[in-house]
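Each remark here refers to the structure printed beneath this line.
These figures come from a predicted structure and were not determined experimentally. For ligands, and for the atoms within them, numbers begin at 1 and follow the listed sequence.
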Amino acid sequence: MVDVHDLNEGDLNQEDLSSRERIPVDVVSSADEGARRVAAEVAVLIRERQMANAQVVLGLATGSSPVRFYRELIRLHREEGLSFANVVTFNLDEYYPLAADHAESYRRFMQEQLFDHIDIPPENIHIPDGSVSREKAHAHAREYEERIREAGGIDFQILGIGRTGHIGFNEPGSDAHSRTRLVPLNALTRQDAARDFLGLEKVPPYGITMGVGTILEAREVVLFAWGQAKAKVIAQAVEGPVDPALPASFLQHHGEAWMVLDEAAAGELSRYRFPWLVKLMDWQPRLIRQAVSWLSEETGKSVLRLVESDYADHGLADLLAQAGPAYGLNIRIFNELQHTISGWPGGKPRADDSTRPERASPHPKRVLVLAPEPLDDVFGLGGTLSRLVRQGHEVTVAYMTSGSLGVPEEDAEGAQELLLEAAREGILEAPSQERSLSPDKAPPASPSEASGKAPSEAISKEQKANQWRRLKALMRRREARSATALCGLSADSLRFLDLPFYETGRYRSFHPGGADARAVQSLLEDLQPHQVFATGQGEDPTSLAAVCYGVFAQAWEATQDAAWRAESRLWLYRAHSEDWPVHAVDMAVPLSPDELRAKVSAVYCHLSQRNQLPGTGEAGDEAWYRAVRRNRAAAGVYHRLGLAEYEAMEFFRRGD
Ligand code: F6R
């Protein structure tokens, strides 16, 4: 492969793009569009085979990535009469050991997301069995391969990609010729599943997966990836060497494999990171900032020290020709970057604001921070929140969902135990029924056993589950109140919207409706904010953050003609996903060492979330450490470019 750094301008043309991208990539405007495109292709295949009285064999994946695709298949079935009577399916994998009826089993996922809604004959469905005994696992895997062969092999294989670069459960180290087998799950993969399973220790340690060799034998393979969290691993798989350390890179050896990505997931490909190396550019201001900051990072020189030859040697002679000489260009970009730094996130009153990211007036501003769930606020912009409060603005933090799904079981059990113990000791009033709320604990066998209560007071399993979830929601409210108090906010500045889509949904199966957007809209109309801080744009569309952003975007659009909107501005922040590259940042708010320390204390209040973020799960990766690392790294970027050295920074981007 051509190394980007070895290129000079003369080498550059469109062909470099295809030589660098070793798997064809289709970048679509949204996951829905990508799902429609692939579903249409599958529908053609199914219909062609129907005409020939033949079967189609589909290889299917679970997880977030194919969810939209399955929804589209269901729509095609319902609205366009697409029948699946001639379709045979083989799923990639299943957790092991895990019962088929477990809430997180891939069997159950497939039933709920697809099979229950189409006319596929049940006997045509194949999913590895996570409940076979260990002695039989090997034979089961062999039999699975045999079934695939008997069916004539897989015609069309759907894939997602894990953060480790896995396809199926083929984790780093998997062999190109591997077949269906029992494998241990990688620590990162288990960590990513921890939320679904309500705790890392509940994630099964193994999986049964088709092998890389099995997957590569499919006649056509499509890999879906959405959201910026996948961008790095996608770039490595597409442009890096074929390497067992990144199993998805084996797809480079398959002549009929392609990827369908949204722009966020494609964002680390060369064509986006250094577009000037692959085509002639129309040098817009943002692109110039991207090129110069990239050049500065590449050469290890601050922006003001870049010279003509740095530009020329790195494929940027064309930029110099248009916007040079280097020194003037350097100064221009240095100033642009400088102007994004502001310790006045709500605007500096009575100051010249012509080069500041935010307007000076009105002051104070009404500020609304929207957090998909508690913690997103202080993790994403805790330092900025404190500044806004200190600088006199009227700040409201609205938690869109209760966040109850994110509380580990043992934390809720601990809270319950504390309450019961306090009641027993007479510190609190005794609860009406001293019983376990946990739905996992068997409900009382008969009403009379329910601590001697009358039959009418015995509660159903469903009520119990709701109460348990409510307890978890209350825990998160309490954490949110403690955390925001450290940022100077009083409890009455907080709104807990408890949007209904969340209360009735689960991860990957959130279906927001009109009631959700109306709740956010009435909040907007009530507050008429001058600034709104929101997060979730560019994330995997099934993630909670993206679903919440979608709900907000609907409400935001519905208020666009309101008079107050002329005065209001949207700012985007990133909660748990990686920060934007510096050229995309419109406002960088510096944090002093004390402010960073205060932020960490606020994050620490969300104890239930210590290991719930999609990190490595290792010691030192708890939420508060991550907040420190991330905000220090953000400041480091500016410093390396030659701007002032701050302790830490929080990044924002204009959303309108
Ligand atoms: C699922 C599977 C996995 C997922 C991958 C991405 O059957 O085999 O390889 O495709 O972990 O998961 P999501 O789509 O949830 O990001």
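Here the heavy atom of the protein found nearest to atom 8 (O) of ligand 1 is D93 OD2, 2.5 Å. Looking only at heavy atoms of the protein, atom 6 (C) of ligand 1 is closest to I161 O, 3.3 Å. For atom 10 (O) of ligand 1, the nearest non-hydrogen atom of the protein is G160 CA, 3.3 Å. In terms of protein heavy-atom proximity, atom 15 (O) of ligand 1 is closest to S64 N, 2.8 Å. In terms of protein heavy atoms, atom 14 (O) of ligand 1 is closest to S65 OG, 2.5 Å.
Under 4.0 angstrom from ligand 1, the non-hydrogen atoms of T62 come from both its backbone and its side chain. Contact annotation for T189 and ligand 1: no heavy atom of the residue comes within less than 4.0 Å of the ligand.
Between E94, M210, H166, E171, it is H166 that holds the heavy atom closest to atom 4 (C) of ligand 1.
Checked against a 6.0 Å centroid threshold, the rings of W571 and Y573 do not count as neighbours. Aromatic rings from F90 and Y144 are positioned such that their centres are separated by under 6.0 Å.
Geometric assessment of R630 against the ring of F379 yields a negative cation-pi assignment under the 6.0 Å and 45° thresholds. Taking the ring axis of Y502 as reference, the NZ or CZ atom of R469 stays within 45° of it and closer than 6.0 Å to the ring centre.
Ligand 1 places these atoms under 4.0 Å from at least one heavy atom of L92: 8 (O).
Note: an N/O pair closer than 3.5 Å links G168 and ligand 1 by distance alone.
For the pair D516/V520, no side-chain contact is recorded, criterion being any heavy-atom separation below 4.5 Å from C-beta on.
The side chain to side chain donor-acceptor pair (under 3.5 Å) test with R181 is passed by exactly one of T214, N170, T209: N170.
For D196, the side chain to side chain contact (heavy atoms under 4.5 Å, CB included) partners two or more places apart in sequence, or in a different chain, are E104, Y507, R508. Not counting sequence neighbours, the partners of Y95 by the ring-ring contact (aromatic ring centres under 6.0 Å, His included) test are Y106, F169, F197.
Taking 4.0 Å as the cut-off, K230 counts as a neighbour of ligand 1 on heavy-atom distance.
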